[in-house]
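This report concerns only the one structure given below.
Reminder, nothing fancy here: chain letters follow the sequence lines and each chain counts from 1. Just the heavy atoms: all of them, side chains too, but no hydrogens, waters or symmetry mates, feed the values below.
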Amino acid sequence: MSAEPLLSVTDLSKHFPVTKGLLKRQVGAVKAVDGVSFDVMQGETLGVVGESGCGKTTTGRLITRLLEPSGGTVVFEGQDITHMSQKRLRPLRRDMQMIFQDPYSSLNPRHTVGTIVGAPFHIQGIKTEHGVKRAVQDILALVGLNPEHYNRYPHEFSGGQRQRIGIARTLALKPRLIIADEPVSALDVSIQAQVVNLLADLQEELGLTYVVIAHDLSVVRHISDRVAVMYLGKIVEIGRRKSLYTAPLHPYTNALLSAVPIPDPRGRSERERIRLQGDVPSPLNPPPACRFHTRCWKAQDVCKTVEPVLAERADGHQVACHFPENAPAVPDGVPEPTAG
Amino acid sequence: MSRADNSADASPAPPSYLELRDLRIHFPTDDGLVKSVDGLSFRLDRGKTLGIVGESGSGKSVTSLGILGLHNRRNARVSGEIWLDGEELVTAPPDAVRALRGKKMAMIFQDPLSAMHPYYTVGNQIIEAYRIHNKVTKAVARKHAVDMLGRVGIPQPDRRVDDYPHEFSGGMRQRAMIAMALSCDPELLIADEPTTALDVTVQAQILDLMRDLQREFDSALIIITHDLGVVAELSDDILVMYGGACIEYGSTDDIFYRPEHPYTWGLLSSMPRLDREPTERLLPIKGTPPSLINVPPGCVFSPRCPYADRTGDRAATEVPELLETRAGHGGHGGHGGHMVRCHMPPAERRSLWENDVKPMLETT
């Protein structure tokens, strides 16, 4: 692993203005992403998890510049692409591609598979050795589709096959970085496993780097090397997969993990669960300081006034919390949390 | 799938609260006959939970709509028997079923935003259902609606009762729908993917709520889902559906600790699990679920089954019967025991599970 990260995101934010009235006066902003920083190394997989509305999809769209960031920087392959013009960005798009969640709406129903997967070649003006058709068929075979289906339309395929078409399109130009936004959540369990394995195989074969955005904690654990947990537009915890899943530091991560139903009926009565109360607050008006304090059972006064910063607590494991769990050195004098 | 495995053809009312006997729901279409549900039988008592697991297109949702009589009788062919508390529903006149729907049996749908009417307030929708089945004044019904919303954990129910569905968050909408379903104290509650659209922390809240309410109302609960984690949390019995038919049916322990059908093994091994060490690779089931118009001959699962060649030609020519592999050991929902639809002899299946499948799930 080289020391230089493939993708480096610093203090990235995206505020969507909320306007009112005829003059579209701005009355507020939805802080969908608010100061997110992370690095992604060549060849690794970073998982981004969080509940709906936490800004994980927006983060993915900011990195690929499908949305214009409001602040911060995105550095890809050593170039600052934060505000690069679309024209200058185009050659870089070859190296950075996206897999979308819904295999039904992300493929044009009027185009054949050949046209869909061949489009990147035409857009980028790439000459292929044996013609575009041959190149497309090679990619279709790579993702486990029958190359003879070149002339079929998306509706002739099942959900899992459509997702493979989406992956084939993504791979057409041999990208280095793939942002996958909920790549398997629309698929059936048995098909999900096929696509997860396909992504792993492709990573090994082509040396890909992934940023996988998902809400399913068990899928993310399976495919990621490192995991970032987001809550209301901020990263609350980021660390290596193993330490994050075995010894989560942030109470929110802990609550998320304990909320996952475990397919093991024997332990169901004894299992200790942390039950979070209520819903995620609106990002239009997020709680001050620590955004989790409204639902946190460990919250103290300091959580409502001082915003915790993302700090390293264990090896490569950062958390933004005043009273982290499982932390080796908890400051003395912290009263026992009362269950809430 | 002979009808002979139905013990009685004269079919007296069964002792169980809900019993399905050889339910078939077929839809004639231009492309052919779609056999969405093809010979499904199960029993459920009050106070018990049945989990129905299957992938999309396995017929699990059609089953639930069939029980409630929500099919258009002009384009669906329904046969078999559905016994609810001593009444047969398939042959009952639509008006009789309508009187039961909402009162004796109710449903929680997957997507609360599309299942609720956007034009009416949440309160009005609960009041409407309550007043149809109970002759009470609007004020009484409204008070009942507020009570129900409070019962399912909606804060300030007296104010939220006048909100529209879009003013609720996803989790609250699902709670409101549960309140609506429970407003007439139904004895049978069917929840079709009740938590699929929800975030994991909210899902945990809703599952808790459903468990508590079931205890309180002593209702029979059918939970339809693709998530094995959810059924493991709630169910007493589990029915695994594939291609419109039940392929394995047993107690929750049977399905999780002694599964005998290769499809069930496939489901268990294809999902990543948080409670075990991460595996290097998932073990997916090859291929895709069958089209219900063009169901494979013989065993429906045979084209995807890794053990299909063990039974020679039978896999592709003969439809296996749903047979009891282990007698009922009492205490579970009153059904006959652990049933499996597979050509392989029980001893062979058990040895495959113990020696091949189970070790792969637990190690690496």
Side-chain angles (χ1 to χ4, degrees), chain A residues 49-54 157-161 184-198 200-201 215-224 241-242 245-246 252 255-269 271 273-282 295, chain B residues 53-58 153 155 168-172 195 197-205 207-208 225-236 238 251-253 255-257 263 266-276 278-289 291 304:
Chain A
V49 287
E51 294 181 280
S52 43
C54 73
F157 294 90
S158 67
Q161 286 175 315
V184 296
S185 59
L187 307 174
D188 272 321
V189 191
S190 70
I191 309 300
Q192 217 172 23
Q194 293 174 2
V195 173
V196 165
N197 282 350
L198 173 67
D201 292 345
H215 70 279
D216 186 327
L217 289 146
S218 43
V219 167
V220 165
R221 183 178 79 155
H222 188 84
I223 55 185
S224 308
R241 164 177 82 175
K242 192 159 188 219
Y245 277 85
T246 50
Y252 177 62
L256 269 185
L257 287 174
S258 89
V260 177
I262 301 294
D264 186 0
R266 263 182 209 158
R268 66 181 170 188
S269 46
R271 214 169 286 135
R273 284 200 185 285
I274 301 163
R275 289 284 182 253
L276 287 184
Q277 300 300 309
D279 292 314
V280 183
S282 155
R295 298 171 83 194
Chain B
V53 187
E55 296 180 279
S56 37
S58 61
F168 277 35
S169 70
M172 291 218 301
T195 58
L198 305 176
D199 280 317
V200 56
T201 57
V202 182
Q203 165 172 289
Q205 295 169 7
L207 293 181
D208 273 358
T225 178
H226 66 276
D227 188 333
L228 286 167
V230 171
V231 286
E233 292 285 328
L234 290 178
S235 309
D236 299 299
I238 295 175
S251 70
T252 300
D253 277 10
I255 301 297
F256 279 96
Y257 303 118
Y263 177 65
L267 281 183
L268 288 169
S269 59
S270 56
M271 80 187 151
R273 297 177 63 150
L274 277 184
D275 57 333
R276 302 222 169 119
T279 52
E280 199 47 42
R281 282 178 80 72
L282 300 173
L283 307 164
I285 308 171
K286 65 178 182 188
T288 49
S291 143
R304 303 177 75 189

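For the salt bridge (charged side-chain N to carboxylate O under 4.0 Å, His left out) test, residues two or more places apart in sequence or in another chain that qualify with B:Arg281 are A:Asp201. In this structure B:Glu233 satisfies the side-chain hydrogen bond (donor to acceptor under 3.5 Å, both in side chains) test together with A:Arg271, A:Arg273, B:Arg211, sequence neighbours excluded.
Using a 4.5 Å cut-off between heavy atoms, B:Glu55 contacts chain A through both its backbone and its side chain. Neither the backbone nor the side chain of B:Tyr263 has a heavy atom closer than 4.5 Å to any heavy atom of chain A. Of the two parts of A:Gln192, neither the backbone nor the side chain holds a non-hydrogen atom closer than 4.5 Å to a non-hydrogen atom of chain B. When heavy atoms are compared at a cutoff of 4.5 Å, B:Leu198 does not approach chain A at all. For A:Arg266, the parts lying under 4.5 angstrom from a heavy atom of chain B are both the backbone and the side chain. For a residue to count as touching a neighbouring chain, one of its non-hydrogen atoms must lie under 4.5 Å from one of that chain's; by this rule A:Ser52 touches chain B with backbone and side chain alike. The part of A:Val196 that comes within reach of chain B is its side chain, from C-beta onward, which places non-hydrogen atoms under 4.5 angstrom from that chain.
Looking at A:Tyr245 and A:Val220, their side chains come closer than 4.5 Å, going by heavy atoms from C-beta outward.
In terms of non-hydrogen atom pairs under 4.5 Å with chain A, the most contact-rich of B:Arg273, B:His226, B:Lys286 is B:Arg273. Comparing B:Ser269, B:Ser291, B:Gly57, B:Ser235 by heavy-atom pairs within less than 4.5 Å of chain A, the highest count is held by B:Ser235. When each of B:Val231, B:Asp208, B:Leu283, B:Leu267 is scored by its heavy-atom pairs under 4.5 Å with chain A, the top score falls to B:Asp208. In terms of heavy-atom pairs under 4.5 angstrom with chain A, the leader among B:Ser169, B:Gly171, B:Pro289, B:Gly153 is B:Ser169. Chosen from A:Ile274, A:Val195, A:Asp264, A:Leu257, the residue pairing most often with chain B at heavy-atom distances under 4.5 Å is A:Asp264. For chain A, the option among B:Gly170, B:Ala232, B:Gly266 with the highest count of heavy-atom pairs below 4.5 Å is B:Ala232. Each of A:Ala255, A:Gly160, A:Ser218, A:Gly159 has some count of heavy-atom pairs under 4.5 Å with chain B, and the biggest count is that of A:Ser218.
Proximity of a side-chain donor or acceptor of A:Glu51 to a complementary backbone N or O of A:His215 within less than 3.5 Å is not detected. In this structure a side-chain-to-backbone donor-acceptor pair under 3.5 Å is missing from A:Arg295 to A:Leu276. Judged by distance alone, with hydrogens and angles left aside, the side-chain atoms of B:Ser270 form no donor-acceptor pair with the main-chain N or O of A:Ala193 at under 3.5 Å. A donor-acceptor distance shorter than 3.5 angstrom exists from the side chain of B:Asp227 to the backbone of B:Gly229, with no hydrogens or angles considered.
For the atom pair CG of A:Leu187 and OG1 of B:Thr288, the computed distance is 12.0 Å after rounding to the nearest 0.5 Å. Rounded to the nearest 0.5 Å, atoms CZ (A:Arg221) and OG1 (A:Thr246) are 9.5 Å apart.
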